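The structure displayed is predicted, hence computed values, not measured ones. Just so we're on the same page: letters track the sequence lines, and every chain starts at 1.
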There are 2 protein chains.
Amino acid sequence: MIELSERQKVILSLVVHEYVRTANPVGSKNLVRQYHLDYSSATVRNEMAALTEAQYLSQPHTSAGRVPTEKGYRFFVSGLIQMRELPEETRRMIEHQFSQAQQGMDGWIKLAASILADQANAISVVSAPLPNRTTVKYISLISITNKQILMILVLAGGQMQQRFLFVSEVTTQTQLNEIADTLNRLFEGRNSEEIRILSRHLPDMGSAAEEIIRTLLSTLYDTDARQTGEVYTEGINKVLAEPEFSDSEEARRTLRFLEEKPLLQDFLSRTTREQKVGGVQVFFGGDGLLKDIANCSLVVARYGMQGIATGTIGVLGPMRMAYSKNIPTVRFLAGILSDLVADSGL
Amino acid sequence: MIELSERQKVILSLVVHEYVRTANPVGSKNLVRQYHLDYSSATVRNEMAALTEAQYLSQPHTSAGRVPTEKGYRFFVSGLIQMRELPEETRRMIEHQFSQAQQGMDGWIKLAASILADQANAISVVSAPLPNRTTVKYISLISITNKQILMILVLAGGQMQQRFLFVSEVTTQTQLNEIADTLNRLFEGRNSEEIRILSRHLPDMGSAAEEIIRTLLSTLYDTDARQTGEVYTEGINKVLAEPEFSDSEEARRTLRFLEEKPLLQDFLSRTTREQKVGGVQVFFGGDGLLKDIANCSLVVARYGMQGIATGTIGVLGPMRMAYSKNIPTVRFLAGILSDLVADSGL
DNA sequence: GTTAGCACTCAGAGCTTTAGAGTGCTAACG
DNA sequence: CGTTAGCACTCTAAAGCTCTGAGTGCTAAC
């Protein structure tokens, strides 16, 4: 593959930019007029022909303008992924909203989702931070009735799980407090595997405690298996306005993808697992796990504390999305969430 | 207004039924053929003219079939709201899914939302159970760092809230356990108002405890103000397949309504507040709070324990929805959730 | 290497035509 | 008098048609 000339790079970027803006195939004459290029439309036509040849652009039909291909977008994005800061003003505004938010990981995540959907005018997708293998932070046991217990589990990364369980033995809140104290001493900071081994050599604490540990383990296994916490989504209505979703079949496929939480979680956890915190990645729909969302793309970053607890934040929209705005926005929000995870010390 | 004749009622019901099935204006000839009526299309035409006169039906244009008006739907639904059981088989199937579900209010609610969306092929909307004024069930305090605390609040109805707080005084987990014990003894079963008064005459427990109580109260106020817990929604993709949503502007309005959580919560809590648990109501879009979702309707029921903690479960779809299936489904699921709320004893 | 000029292409907007489903009315029927 | 067959009339939606204009590739001149 031959290198692109400087001028070709410029023209390719401008085509992408213009297409993102208008959603219409971009013609040579128009491009020259819009951007006051100091060469003529015929020259642009020649370069466009070359870019089309090299698969960066394509033509919907012979006598139409050019549309970027996936390869074209990739080129465009690769120039964007490193640099670009969000304008000071926007950063201030976002930070302000976080400073006013109610405390708690859940609230922050929802706020981030809401801000991102708003800024990007597309669908935001945010998953709660979770370590590869969950560790227990705190166990709380609450007596509901004589033989019924509510177990609340605080996990690393600020995630919570609640389970009801029934025990055969009557247990009082005082007894539960004791059990909880013991378990907290033993299990704090441990993961499912460690707890499984530890619990084998435990002094007998009665059948209730056994039942509690069993439930605890099954909850941890569940969480480990999911690998990604709750996924929040917002801004679906925004993206319906885009022309690529005016075909409702297209829109349905995308929404089904979003509502298939396991699929989405799988994708988020798998594809970004090795990714360093802070780095923004762009995925293009069409093949692999994203085959259902052809001509969409996904800008994601991992946030949190590397090796401790990480989640993902991203924006899903038509492939023709405003990368130059969305990439810095995602990066900035990932940074904020990372700070919050670190500060909350979970 | 004159009463409808028996035959008119039959015809009206059939028109609604047929229109729900096909989404096309219903013509006289077709109706006779489909349902083997023992009178002719001319007779049906006459009756239809009368029903149109009386505003139960309308014509998109002079030479088209009839479409039910909102009044027509109301009539149809009024005959359905009381009776009709879900088929034994479906009930078994649903019960089975619940029996296999993981424990915990959150999980049940999501399961209910998922089943309902699936059964109705429309959008399900389920809100968590919450009393008019929340009462505290259990307070758990977890030391994160020296001066940072995670407060977990279990509220009546099984809802949980988490907050982070910073205190100026160094506090250990042991101290926190003591404070939590005291607060639990004092505040269990109390609502925000009672706690506010109680906390005035409290023995001094140090500045950390004060800060904790302040956060506790503000969380309770927040929750009271919202009046409805988290709202889960599922099945958006299903409804996009309906012809009334092929116009993306229409679809957007509906989705915006759904994503405006405060609006939705407000509607759910306000309009069904007085409603007895178990009764199914049908709301038609177009005016009042539902003005944004013209030609949609909402079948809802309240579930939970009257006066203790109630939530809502419902299905939102095109006004042309399968009421005869959806109404019993909503009623049945509301029943199951009510049982679960009762059993979990919160 | 660049550019003006030109013949050619083709999607989409706008218009016309047509088919058929549905109506209301009238007159005949039991 | 309610019911029904028959008929002229209405009106949408689909199909076919034309025409415009943006865009192209190529050639020849600069």
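Residues A:Phe245 and A:Pro318 come closest through the heavy atom pair CE1-CD, 4.1 Å. B:Ser297 and B:Met319 get closest at one heavy-atom pair: OG-CA, 3.6 Å. Summarising the geometry of B:Ser5 relative to B:Glu47, their closest heavy-atom pair is OG-OE2, 4.3 Å, with the distance given to 0.1 Å.
Scanning DNA chain D 5' to 3' for nucleotides with an atom closer than 4.0 angstrom to a non-hydrogen atom of chain A gives a first and last hit of D:dG23 to D:dG25.
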Might you list the N or O atoms of the protein lying below 3.5 Å from N or O atoms in nucleotides 28-30 of chain C, with each pair's distance?
none

Expected rows: protein N/O vs nucleotides 8-11 of chain C N/O, under 3.5 Å:
unit_1 : atom_1 : unit_2  : atom_2 : d
C:dT9  : O2     : A:Ser63 : OG     : 2.9
C:dC10 : OP1    : A:Thr62 : OG1    : 3.1
C:dC10 : O4'    : A:Ser63 : OG     : 3.0

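Among residues at least two apart or in separate chains, side-chain hydrogen bond (donor to acceptor under 3.5 Å, both in side chains) pairs with a member in residues 254-264 of chain A are A:Glu259-B:Asn237.
With the 3.5 Å cutoff on both pairing distances, Watson-Crick and G-U pairs in DNA chain D assemble into runs of at least 3 at C:1-30 with D:1-30.
Rounding to whole angstrom units, OH of residue B:Tyr19 and P of C:dG22 are separated by 14 Å. Here the C1' atom of nucleotide C:dG22 and the CD atom of B:Glu18 are 15 Å apart, to the nearest Å.
Counting any heavy atom pair closer than 4.0 Å across all strands shown, B:Asn30 reaches sugar-phosphate atoms only and no base atom.
Under 3.5 Å, the side chains of B:Arg302 and B:Thr312 contain no donor-acceptor pair of N or O atoms. Residues B:Tyr56 and B:Gln8 have side chains that never bring a donor and an acceptor to within less than 3.5 angstrom of each other. Looking only at atom types and distance, the side chain of B:Ser58 has no donor-acceptor partner in the side chain of B:Thr69 under 3.5 Å away.
Between B:Lys110 and B:Glu234, none of the side-chain N atoms (NZ, or NE/NH1/NH2) sits under 4.0 Å from a carboxylate O, so this pair counts as no salt bridge.
Under the 30°/60° scheme for interplanar angles, the aromatic rings of B:Phe267 and B:Phe283 are found to stand perpendicular.
Look at B:Arg45 and you won't find any side-chain N or O under 4.0 angstrom from OP1 or OP2 of C:dA21.
At least one side-chain heavy atom of A:Ile11 sits under 4.5 Å from a side-chain heavy atom of A:Tyr39.
Residues of residues 33-42 of chain A that place a heavy atom closer than 4.0 Å to DNA chain D do not occur.
In terms of modelled atom types and a separation under 3.5 Å, the side chain of B:Lys325 and the main chain of B:Gln119 share a donor-acceptor contact.
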